Amino acid sequence: MSRMPLWIAVRLGGFAWAGCFAFAVGVVGAEAAGPIRESSGLAASHHAPNRFWTHNDSGDAARLFVLEQPPQQPDTAPGGAGGAGGAGGAERRITEVHVAGAEAVDWEDMASGVVDGRPTLVVADVGDNARRRERVTLYVIDEPPLPATARQRGGNQRGGLTVPFRHRLEVRYPDGARDCEAIALDAEQRRVICISKELLPVAAIYSVPLPPAESTPADRTPANRPSASRVTRVDAERVGTLPIPMVTGMDMRGDGRQLAVTGYFDLFLFERAAGESWEVALGRVPRHLPLPKLKQIEAVCFDRQGELWITSEGDPMPLVRVAPVAD
């Protein structure tokens with residue numbers, strides 16, 4: 001049985017979280033009404049800066065959206081949400097990308113990283129509010145570079161791009177069905193970390209191994225013919241317990257030294273020392289950032305510069321940069 005971190009007793013005793021500090025939030029405009037109405041996952045591109053991937057919550061097709069955010073510095077205001085300012089008027093392009101052969105039962109999060117030298121996306125079909133799914137699904141996808149025509153046209157590009165998945169992992173938890181809305185890609189350890197969503201502060205932490213490196217990196221399954229050999233059944237390993245209720249999103253910084261975990265109202269930052277495992281690091285008290293009042297925060301990611309961004313459900317969809325106030 002995994003041990004519960006000592007700081008859960010502090011939390012349940014009613015004391016404040018350690019590591020709280022002032023911060024500012026920059027609101028970088030909002031999407032025009034369009035196909036992204038319930039953003040539930042967010043990941044930074046490893047092909048280009050100022051590019052993000054997202055997807056809708058359950059009820060949508062097996063598709064992703066690429067947000068091309070013009071480079072700029074958003075206005076910020078200490079202690080709350082800053083106005084969109086000049087950022088709000090900038091054009092943000094959206095490109096729709098379908099995942100061939102994939103299903104979308106309840107997509108809840110996504111992550112990105114570089115695995116075996118390849119920019120990689122992981123899409124998590126892991127939602128299970130009723131806790132009835134014997135297995136949930138992780139799709140491992142080679143992040144596609146966008147064609148120049150899609151980047152240059154601007155506006156909303158729908159239905160024009162399709163990509164295959166590299167692997168489909170059918171995941172079973174060791175302790176029964178779980179609802180999950182948060183994953184992170186640990187590229188260094190070749191695994192996906194999952195955290196369950198619980199009403200009480202007893203979230204379960206799981207580790208899911210990625211398949212071995214492929215001997216022929218250039219090998220690709222045609223987009224319209226996903227291969228059955230790419231489907232792998234795998235058992236998750238429970239590696240810990242996190243005393244945070246209602247976890248809705250998570251991401252790991254590109255250098256593997258920081259993990260952000262978010263709920264509807266708060267964000268928690270965990271630091272990992274050199275040579276330390278995440279199983280140990282997640283047992284320490286995190287830093288705490290209260291978040292701006294948005295409709296329903298369900299996604300967080302680090303960009304390539306290590307800055308934090310969040311999205312919320314809603315139409316139009318906000319894309320918000322979370323920035324600590326300089327001392």
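All figures in this text were calculated on a predicted structure; none of them were measured in a lab.
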## Note on the structure
Excluding V280, membership of its hydrophobic cluster (Ile, Leu, Val, Met, Phe, Trp, Tyr; side-chain heavy atoms within less than 4.5 Å) reads none
Out of curiosity, [X] [atom1] to [Y] [atom2], how far, rounded to the nearest 0.5 Å?
X	Y	atom1	atom2	answer
I193	I205	CD1	CD1	8.0 Å
F65	I36	CZ	CD1	5.5 Å
E134	D128	CD	CG	11.5 Å
S112	H47	OG	NE2	10.5 Å
R253	L259	CZ	CG	10.5 Å
T311	L319	OG1	CG	7.0 Å

Would you say the side chain of [Y] lies within less than 4.5 Å of the side chain of [X], judging by non-hydrogen atoms?
X	Y	result
L269	L308	yes
L64	L121	yes
V300	L267	yes
M317	L67	yes
T137	R168	yes
E143	W53	yes
R51	D303	no
C180	E108	no

Hydrophobic clustering (ILVMFWY, side-chain heavy atoms < 4.5 Å, transitive) - are [Y] and [X] grouped together?
X	Y	result
Y139	V192	no
V99	V122	no
V261	V239	yes
M110	L161	yes
V171	I195	no

#### Entry: Test salt bridge (charged side-chain N to carboxylate O under 4.0 Å, His left out) applied to D179 and K197, step by step
CA-CA 6 Å; D179 187 27; K197 183 180 182 182; 5.0 Å; no
### Task
For side chain to side chain donor-acceptor pair (under 3.5 Å), just list the numbers for R166 and T120, CA-CA rounded to whole Å, side-chain angles, deciding distance to a tenth of an Å, and then say yes or no.
CA-CA 9 Å; R166 191 196 317 169; T120 299; 2.8 Å; yes
Mind listing the closest non-hydrogen atom pair of [X] and [Y] along with its distance?
X	Y	answer
P318	S312	CD-O, 3.8 Å
P35	N56	O-ND2, 2.8 Å
V114	A187	O-CB, 3.4 Å

#### Entry: Test side-chain contact (heavy atoms from CB on, under 4.5 Å) applied to L138 and T232, V126, L185, D109, the passing residue
V126
### Task
Tell me, please, which residues at least two apart from R191 pass salt bridge (Lys or Arg N to Asp or Glu O under 4.0 Å).
D186, E279
Salt bridge [X]-[Y], side-chain N to carboxylate O under 4.0 Å:
X	Y	answer
D235	R172	yes
D255	R257	no
D106	R133	no
R238	D175	yes
R131	E198	yes
R284	E271	no
K295	E313	no
E96	R63	yes

### Query
With E38, which residues qualify under side-chain hydrogen bond (donor to acceptor under 3.5 Å, both in side chains), at least two apart?
none
### Query
Quick one: ring pair (Phe, Tyr, Trp, His ring centres under 6.0 Å) pairs with a partner in residues 172-206, sequence neighbours left out?
Y173-Y206
### Message
Could you go through H55 and D60, starting from their C-alpha distance and side-chain angles, then the distance that decides it, and tell me whether this counts as side chain to side chain donor-acceptor pair (under 3.5 Å)?
### Response
CA-CA 9 Å; H55 59 80; D60 198 15; over 6 Å; no
### Task
Begin with the C-alpha distance, continue with both residues' side-chain angles, and end with the deciding distance and a verdict on side-chain contact (heavy atoms from CB on, under 4.5 Å) for Q258 and F270.
CA-CA 6 Å; Q258 198 169 68; F270 293 86; over 6 Å; no
### Task
Please test E298 against Q296 for side chain to side chain donor-acceptor pair (under 3.5 Å), starting from the C-alpha separation and ending with a verdict.
CA-CA 6 Å; E298 293 204 358; Q296 189 161 303; 2.6 Å; yes
Tabulate below the donor-acceptor pairs under 3.5 Å that side-chain atoms of residues 243-251 make, not counting sequence neighbours, or state none.
unit_1 : atom_1 : unit_2 : atom_2 : d
T248   : OG1    : T262   : O      : 3.4
T248   : OG1    : I297   : O      : 2.9
D251   : OD2    : F302   : N      : 2.8

### Summary
Sorted by chain and number, sequence neighbours left out, side-chain contact (heavy atoms from CB on, under 4.5 Å) with A104 holds for A62, W107
